[in-house]
K.L.:
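Dumping the structure here so I can ask a few things about it.
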Amino acid sequence: MRITVTRSGGFAGIVRSATLDTRQQPDAAELAELARTALDEGRGAPGPVVPDGFFYEVEIDGEMLQWADPRLTEAQSALVKKVLSEGS
């Protein structure tokens with residue numbers, strides 16, 4: 001599974017993007033389950049973006065979703081943090 005996260009917004013307005021291929025991770029099964037949960041919870045409109053909040057464009061195996069702070073679920077937040085910290 002290939003996951004790409006692009007984060008924009010925030011106080012400085014800096015755009016950050018990273019991609020993670022779960023097949024290359026030792027915790028691949030857990031990551032895939034986290035991604036499926038985040039997908040299931042993340043379909044639909046992202047809701048309004050709050051001032052200085054982050055906006056996320058997330059692509060999971062070709063499916064594009066948009067999420068916004070502060071409305072991330074626990075699974076979405078964990079997935080975003082994992083990809084941005086460990087992806088390239």
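Heads up: numbering here begins at 1 and tracks the sequence. It should be emphasised that the depicted structure is a prediction, and the values quoted were computed from it without experimental measurement.
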K.L.:
CZ of Arg7 to CG of Asp69: how many Å apart, nearest 0.5 Å?
P.N.:
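So the CZ of Arg7 and the CG of Asp69 are separated by 9.0 Å.
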K.L.:
Is Phe55 close to Val15 at the side-chain level, that is, under 4.5 Å between some pair of heavy atoms?
P.N.:
no
K.L.:
Quick check for you: to the nearest 0.5 Å, what is the distance between Thr4 atom OG1 and Met64 atom CE?
P.N.:
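Result: 7.5 Å between the selected atoms.
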K.L.:
Given side chain to side chain contact (heavy atoms under 4.5 Å, CB included), test Val83 with Thr19 step by step and report yes or no.
P.N.:
CA-CA 6 Å; Val83 173; Thr19 299; 5.9 Å; no
K.L.:
Once you round to the nearest 0.5 Å, how far does CD of Glu30 lie from CD of Gln25?
P.N.:
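Glu30 atom CD to Gln25 atom CD measures 11.5 Å (nearest 0.5 Å).
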K.L.:
Would you confirm whether Ser77, through its side chain, and Thr73, through its main-chain N or O, come within 3.5 Å as a donor-acceptor pair?
P.N.:
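Pair absent, no side-chain N/O of Ser77 close to backbone of Thr73.
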K.L.:
Are Met1 and Leu65 joined in one hydrophobic group, where the rule is that I, L, V, M, F, W and Y side chains link up if heavy atoms are under 4.5 Å apart?
P.N.:
yes
K.L.:
Hey, does Lys82 have a side-chain heavy atom less than 4.5 Å from the side chain of Asp27?
P.N.:
yes
K.L.:
Does the pair Val58 and Trp67 meet the rule for a side chain to side chain contact (heavy atoms under 4.5 Å, CB included), with working shown?
P.N.:
CA-CA 8 Å; Val58 181; Trp67 303 335; 3.6 Å; yes
K.L.:
Taking the side chain as every heavy atom from C-beta outward, state whether Arg2 and Glu59 have any pair of such atoms under 4.5 Å apart.
P.N.:
no
K.L.:
Can Asp61 and Arg36 be counted as an ion pair, charged N to O under 4.0 angstrom?
P.N.:
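Not counted as a salt bridge, because no side-chain N and carboxylate O are separated by less than 4.0 Å.
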K.L.:
To check you understand the geometry: which heavy-atom pair defines the closest contact between Asp52 and Phe11, and what is its length?
P.N.:
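Minimum heavy-atom separation between Asp52 and Phe11: OD1-CA, 3.7 Å.
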K.L.:
Side chains of Val5 and Ser17: closer than 4.5 Å at any heavy-atom pair?
P.N.:
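No - every pair of side-chain heavy atoms lies 4.5 Å or more apart.
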K.L.:
Just verifying a value: how many Å separate Leu84 CG and Phe54 CZ, rounded to the nearest 0.5 Å?
P.N.:
9.5 Å
K.L.:
Would you say the side chain of Leu31 lies within less than 4.5 Å of the side chain of Leu20, judging by non-hydrogen atoms?
P.N.:
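A side-chain contact exists here, since the closest heavy-atom pair is under 4.5 Å.
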K.L.:
Between Ala75 and Glu41, what is the shortest heavy-atom contact and its length?
P.N.:
CB-OE1, 3.6 Å
K.L.:
Starting at CG of Leu79, measure out to CG of Leu34 and round the result to the nearest 0.5 Å.
P.N.:
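One finds 5.0 Å between CG of Leu79 and CG of Leu34.
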